[in-house]
Amino acid sequence: MTGRTSLTIVLAAGEGTRMQSSMPKVLHPVAGRSLLAHVLEAAPKGAGASLAVVIGPDHGAVAEEVKRLRPDATTFVQRERLGTAHAVLAARDAIARGADDLLVVFGDTPLITAATFARMRAPLKNGAALAVLGFHAADPTGYGRLLVEGDQLVAIREQADATPAERTIKLSNAGVMAFDGHKALQVIEEIGNANNKGEYYLSDAVGVVRQLGLEAVVIETSEDEVRGINTKTQLAEAEQVMQTRLRQAALDAGVTMVAPETVYLAADTRFGSDVTIEPFVVIGPGVTIADGAVIHSFSHIVQSSIGKKASVGPYARLRPGTSLGEGARIGNFVETKAATLEAGVKVNHLSYIGDTDIGAGANVGAGTITCNYDGFDKHRTTIGSGAFVGSNSSLVAPVTIGKGAYIGSGSVISRDVPDDALAVERSQQTNREGGAKRYREMKTRGKTPKGG
Ligand code: UD1
Ligand code: MG
């Protein structure tokens, strides 16, 4: 909304006891990113858009997540949980700076969209003091009910304070509110706690606004968009809604999926054109798939970049730091990690490729293993372009296989192989003693082997 500044306050001080978890509620993931990250993604960003997050006293991890996602944000600690209005006032200093629009949203409502925030800001521009997001709840039990007269919102009645007649109202408070930022502080400070729970209800802002002779309106949305997460069941339900959205967006962008309902995407998955994803693929955070690439069934991919026309799987596992060049091929039962495979590299069967760089056009035979870990440290393997590694070879890192070199099947390579050399190394005895010697030395120096 051009020209108007905004402050978004995200309430995230809750303990989330019903999640049955030691992790703060808003850090639980949906589609590979935290509930909080989804809310911050939808909130206004850019010039003139500031952000405050209200967290609980023991929520250092939440503060870190805020800092990671929005370094410009301010976090405020609510020391005692006295209600949603009290939580908003924890960010009093930010409100006092007087943005044009003040948006309040809960940190556990990950399906909210940027479009809805924009719709809520529109009435403020036209003079309303408050816009409340409402929805028709299938079962409104527990929600604040919206009391309307014509197109005017007159009050919100919390479940605990509602009359039996009011409890039949289905139009409910989603919890998202947009205030005229220059009047917000006056309104919210006016809210008292004379109710059945003795809490400061933010929903009472509507009554205050009306008493001041100002206007409050309702903006409606679907129940799906405002689902709040309190339990693991609700977390799973939100995941389904989010996956449906992500699959639809991918299909709309031209990704081919014959069984999209079996494909799991992350909120940040990026696709080029003409990408195909076969059934039963799981894509975690940080994945980019370039034009014409094909991901075959039962593959699992995290923090990886897949080049144009590359082919992955079936049954491949791409772990963080994998980068596949154009036309590279990763076949069945291949695991990669921190590995760069340049254009046209083939690793087609039953291999582990970790901490490795492979030059263009190299062929890595079935069952090749990069032995990257000696019990203490990880070491890199380099395979030159056009090299051929015969089946069932072990490359004991740190090691470099030269460009165009040929490694005979079943070799155990623990010394560098020059460019274009032919190496057939089956002196396992020597190699094993080499590794064992270092292992013994490290133990003598009091080091304990770490788990691989
Ligand atoms: C609230 C609304 C209700 C609405 C419902 C929608 C109030 C009084 N009621 O009820 O009208 O229908 O949400 O889901 O606003 N929080 C704090 N500090 C506090 C209290 C709450 O940070 O002192 C945070 C919680 O972490 C949570 C959010 O505010 O993210 C909402 O609090 P919650 O206790 O869940 O309110 P509801 O009873 O669900
Ligand atoms: Mg709630």
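Heads up: numbering here begins at 1 and tracks the sequence. In each ligand, atom 1 is the first atom listed, and ligand 1 is the first ligand listed. Note that this is a predicted model, so its numbers are computed, not measured.
- Residues Glu166 and Arg157 are paired through a salt bridge, judged by an N-O separation under 4.0 Å between the basic side chain and the carboxylate.
- Contacts of Phe106 classified as ring-ring contact (aromatic ring centres under 6.0 Å, His included), with partners at least two apart in sequence or in another chain: none.
- Electrostatic pairing of Lys67 and Glu64 does not count as a salt bridge here, judged by no charged N lying under 4.0 Å from a carboxylate O.
- Classification of Glu335 and Arg319 as a salt-bridged pair holds, one side-chain N sitting under 4.0 Å from a carboxylate O.
- Side-chain polar atoms of Asn195 and Asp161 form no donor-acceptor pair below 3.5 angstrom.
- No more than 12 heavy-atom neighbours from other residues, nucleotides or ligands sit within 6.0 angstrom of CD on Glu190.
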Enumerate the pairs of nitrogen or oxygen atoms, one from ligand 1 and one from the protein, separated by less than 3.5 angstrom; state names and distance to 0.1 Å.
from: ligand 1; atom 1: 9 (N); to: Glu158; atom 2: OE1; distance (Å): 3.2
from: ligand 1; atom 1: 9 (N); to: Glu158; atom 2: OE2; distance (Å): 3.1
from: ligand 1; atom 1: 11 (O); to: Gly144; atom 2: N; distance (Å): 3.3
from: ligand 1; atom 1: 11 (O); to: Glu158; atom 2: OE1; distance (Å): 3.4
from: ligand 1; atom 1: 11 (O); to: Glu158; atom 2: OE2; distance (Å): 2.7
from: ligand 1; atom 1: 11 (O); to: Asn173; atom 2: ND2; distance (Å): 2.8
from: ligand 1; atom 1: 12 (O); to: Gly144; atom 2: N; distance (Å): 2.9
from: ligand 1; atom 1: 12 (O); to: Asn173; atom 2: O; distance (Å): 2.6
from: ligand 1; atom 1: 15 (O); to: Thr84; atom 2: OG1; distance (Å): 2.7
from: ligand 1; atom 1: 18 (N); to: Gln78; atom 2: OE1; distance (Å): 2.6
from: ligand 1; atom 1: 22 (O); to: Ala13; atom 2: N; distance (Å): 3.2
from: ligand 1; atom 1: 23 (O); to: Gln78; atom 2: OE1; distance (Å): 3.3
from: ligand 1; atom 1: 23 (O); to: Gln78; atom 2: NE2; distance (Å): 2.9
from: ligand 1; atom 1: 23 (O); to: Leu82; atom 2: N; distance (Å): 3.4
from: ligand 1; atom 1: 23 (O); to: Gly83; atom 2: N; distance (Å): 2.9
from: ligand 1; atom 1: 23 (O); to: Gly83; atom 2: O; distance (Å): 3.1
from: ligand 1; atom 1: 26 (O); to: Gly14; atom 2: N; distance (Å): 2.9
from: ligand 1; atom 1: 30 (O); to: Leu11; atom 2: O; distance (Å): 3.4

